[in-house]
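Just below is one structure, and these are the notes that go with it.
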Amino acid sequence: MWKTLSAIYHDNAAEQLLVALGVTLVLYLVLTGVRGILAGRLQAWADRTSRRWDDIFATLVRATHGVSIFAISLLIGLRSLDMPDNAGTLVERAMVLVLLLQVGRWGSAAVAAWLDHRLTHGEASQDGKTVMNLGIVAFGLRLLLWVVLVLMILDNLGVNITALVASLGIGGVAVALAVQNILGDLFASLSIALDKPFVVGDFIIVDDMMGTVKHIGMKTTRIQSLFGEELIFSNADLLKSRIRNYKAMQQRRVVFNFSVAFSTPVDKLRRITEAVREAINQHGDRVRVDRVHFQAIGSGGLAFEVVYYVMSGDYNQYMDIQQDINFSIIERFAAEHIEFAFPTQTLHIASVASSDDEEGYGVRGPGRTELPRGRKPN
């Protein structure tokens with residue numbers, strides 16, 4: 001290296017060396033000034049908006065290190081000199097090395113900015129497990145970035161990395177096969193932390209099991225069921241299931257039916273729909289009536305179907321409203337003397353008289369047994 005520097009010094013006149021030094025200083029000052037102006041403008045722009053990408057861009061500009069700027073300026077200045085071939089190759093490799101290190105710094109800063117945004121503006125700040133999972137994700141991204149950059153740096157320095165990459169690939173495959181179930185649950189946990197199909201405290205239904213989420217771990221998720229026992233799901237199996245999250249429900253659709261007696265007059269049947277609508281609308285903005293219909297003439301009575309929406313996902317609130325509606329309907333029907341239908345069956349028995357009955361030879365009729373001629377029933 002010292003021989004190369006000596007050759008550069010002796011092969012170039014003092015004027016050329018001064019020009020190279022001037023180019024280096026001018027480039028350094030210009031690039032430093034551009035970095036400062038651009039960082040200030042981007043930060044001011046980011047402060048006026050709520051988008052996270054503006055903050056990340058401002059962070060990347062600020063992460064451009066002064067040493068990297070000076071090294072790039074020096075290497076560009078050296079390109080203006082007469083240098084031997086090996087010196088030119090050395091300068092090119094040095095420039096690539098500086099750029100790769102700066103890319104690593106930019107990548108680490110971007111990951112840190114993303115993590116900070118999730119922790120300060122999302123729900124992660126209130127969930128310790130989510131904070132831990134996000135930290136693991138950030139560490140994994142940084143590790144992957146620097147592994148790739150180190151391999152590129154080694155390749156730039158002339159090291160044969162083919163065997164190293166092959167050995168790493170074989171070793172990675174072996175490890176992945178050995179712990180594939182654990183890795184599947186781990187990545188499923190990270191997916192839950194990032195995508196948030198549910199969080200701790202949500203009431204969910206998984207297939208035919210339901211309960212409140214109590215813990216989201218690296219391998220399992222634990223749910224407290226309505227009956228008191230703890231349900232433990234593998235994270236990978238949980239994400240493969242159909243999950244219904246009632247905590248995210250914004251409104252609840254309610255359908256209920258009732259029937260009134262067949263003897264109810266038509267004018268009262270018409271007033272039933274208005275009575276039911278009034279019973280629902282008395283709850284104001286908390287409900288929205290969809291429809292009230294005389295649905296069918298059923299086998300047990302005259303059937304009505306009612307559909308309305310509760311503008312909340314709270315189950316207790318829905319039950320309170322439904323209870324008040326039921327009380328109101330019963331009170332209104334009692335005032336109107338409208339009877340609810342209840343399951344009944346009416347049996348009609350009919351008999352048919354014949355000339356044989358008068359003579360006493362036999363009795364015929366529905367549900368009766370015919371007697372032989374000449375005999376009279378006892």
Open item on the list: Donor-acceptor check, side chain of Asn245 to backbone of Pro197, threshold 3.5 angstrom: yes or no?
Closed with: yes
Task: Shared hydrophobic cluster, Trp146 / Ile153 (ILVMFWY, side-chain heavy atoms < 4.5 Å) - done: yes
Open item on the list: Through direct or indirect side-chain contacts below 4.5 angstrom among Ile, Leu, Val, Met, Phe, Trp and Tyr, which residues connect to Tyr246?
Closed with: Phe203, Ile205, Met210, Leu226, Met249
Open item on the list: For the residue pair Gln322 / Tyr308, report whether a side-chain donor-acceptor contact shorter than 3.5 Å exists.
Closed with: yes
Task: Test side-chain contact (heavy atoms from CB on, under 4.5 Å) applied to Tyr309 and Gln251, Arg286, Arg252, Gln250, the passing residue - done: Gln251
Task: Geometric class of the Phe304/Phe294 ring pair [parallel <30°, tilted 30-60°, perpendicular >60°] - done: parallel
TODO: Measure from the side-chain N and O atoms of Thr32 to the backbone N and O of Leu29, and report whether any donor-acceptor pair falls under 3.5 Å.
DONE: no
- [ ] Report the relative orientation of the aromatic rings in Phe70 and Tyr28; use parallel for angles under 30°, tilted for 30 to 60°, perpendicular for over 60°.
- [x] perpendicular
Open item on the list: Using a strict threshold of under 4.0 Å (side-chain N to carboxylate O), is an ion pair present between Lys214 and Glu230?
Closed with: no
Open item on the list: Treating Ser108 as the side-chain partner and Arg105 as the backbone partner, does any N or O pair qualify as donor plus acceptor under 3.5 Å?
Closed with: no
TODO: Is it possible for you to say whether Leu27 and Leu21 belong to one hydrophobic cluster, with membership spreading through side-chain heavy-atom contacts below 4.5 Å?
DONE: no
Open item on the list: If hydrophobic clusters are built by linking Ile, Leu, Val, Met, Phe, Trp and Tyr wherever their side-chain heavy atoms come under 4.5 Å apart, do Phe327 and Ile280 end up in the same one?
Closed with: no
- [ ] Using the rule that two of Ile, Leu, Val, Met, Phe, Trp, Tyr join whenever any of their side-chain heavy atoms come within less than 4.5 Å, decide whether Val292 and Leu269 are in one cluster.
- [x] yes
TODO: Can you measure from CD (Glu305) to OG (Ser259) and round to the nearest 0.5 angstrom?
DONE: 11.0 Å
TODO: Examine distances only and state if a side-chain atom of Gln102 and a backbone atom of His65 form a donor-acceptor pair shorter than 3.5 Å.
DONE: yes
Task: Flag, side chain of Arg35 to backbone of Thr64, donor-acceptor distance under 3.5 Å - done: yes
Open item on the list: So, taking the atom named OG1 in Thr264 and the one named CD in Glu336, what distance separates them when rounded to the nearest 0.5 Å?
Closed with: 11.0 Å
- [ ] Indicate yes or no for a side-chain donor-acceptor contact from Glu274 to the backbone of Arg271 under 3.5 Å, with no hydrogens or angles considered.
- [x] no
- [ ] For residues Phe198 and Val206, determine if any side-chain heavy atom of one lies less than 4.5 Å from a side-chain heavy atom of the other.
- [x] no
TODO: Report yes or no: does Lys268 contribute a side-chain atom to a donor-acceptor pair with the main-chain N or O of Ile338 at less than 3.5 Å?
DONE: no
- [ ] Could you tell me whether the side chain of Asp324 and the main chain of Ile321 form a donor-acceptor pair under 3.5 Å?
- [x] no
Task: Donor-acceptor pair, side chain of Asp314 and main chain of Asn316, under 3.5 angstrom - done: yes
- [ ] Write down the atom of Ala341, the atom of Gly300, and the distance for their closest heavy-atom approach.
- [x] CB-O, 3.2 Å
